[in-house]
Amino acid sequence: MEPTRIPELIAQIALADPRVRREDRIERRAQALMWAGILTDVPYDYALDAVHQHYAKSTWPILPADIATRWAATVRDRMLRDIDPTPPVDPDNAAAYRQALAEHRRAVITGQQPVVEHQALTTGPEAAEVEARMAKLGDYLTTEARDALSPYRPTAAARTSAIRAGQPDALAVDCPVETCRAYAGRPCTRPGKGGTRHQLAAGAHPSRTEAAAVLEGAR
């Protein structure tokens, strides 16, 4: 996002939440500089849409990190689903080939082009064979590898442990607690002093675990 659009974004947010906008002129300038540094890669339209989604389900003031985190997840999802099509350039021209791939990826990331997804086998005996082989293969991580990485991935380890114990996966749903509202896949937090957030030692609020249990029971 262009830094010049940050005051416009904050002004739009202030229409729904006046608490976000600073009153002091010097503080407003510092706030705009801080937001610009955090949202440098986020398109304005995406940021504004993220604001709408935030206040549609929360009364908690939005932070630039909320927008940046949502954008990073969107980019990651697009890149995981996208495959690089063969560029319409001479493959022997390495520079042109790399440039065409880079332009395609930037266009997909920013939403200017749709994701080019893998063509899956969905019918016929070949599809059944692929499904059976994938079932045998399982996750992209083996059980041994997942257990070895658990000290470095505490959130994922806690989710795996809960599933193995037959308990609901609390992080599979958004947290319903008003002061948390963690998105699916992210651990619960609680507000601290000075606007800080602290992650719950248990990983999830009890009401979030209950919501996950209700969801699993409905499937």
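In this chain, numbering begins with 1 at the start of the sequence shown.
- Considering all non-hydrogen atoms of both residues, A68 and V42 come closest at CA-CG2, 4.3 Å.
- Here CD of E178 is found 9.0 Å from CH2 of W60. Values are rounded to the nearest 0.5 Å.
- Under the 3.5 Å distance criterion, with hydrogens and angles disregarded, no donor-acceptor pair is assigned to the side chains of R190 and Q199.
- Here the side chain of Y55 pairs a donor or acceptor atom with the backbone of I62 at under 3.5 angstrom.
- From Q31, atom CD reaches atom CG of D24 across 11.0 Å, with rounding to the nearest 0.5 Å.
- R186 has its side chain out of reach of L171: every pair of non-hydrogen atoms, C-beta onward, lies at least 4.5 Å apart.
- The distance from the CD atom of E8 to the CG atom of L48 is 8.5 Å, given to the nearest 0.5 Å.
- Under a 4.0 Å N-O distance rule, the pair R208/D174 does not qualify as a salt bridge.
- No continuous path of ILVMFWY side-chain contacts below 4.5 Å connects L63 to I6, so the two sit in separate hydrophobic clusters.
- Between R70 and Y183 there is a side-chain heavy-atom pair separated by less than 4.5 Å.
- Taking the centre and axis of the six-membered ring of W35, the NZ or CZ atom of R29 falls outside the cone set by 45° and 6.0 Å.
- Counting heavy atoms from C-beta outward, H54 and D66 have side chains that approach closer than 4.5 Å.
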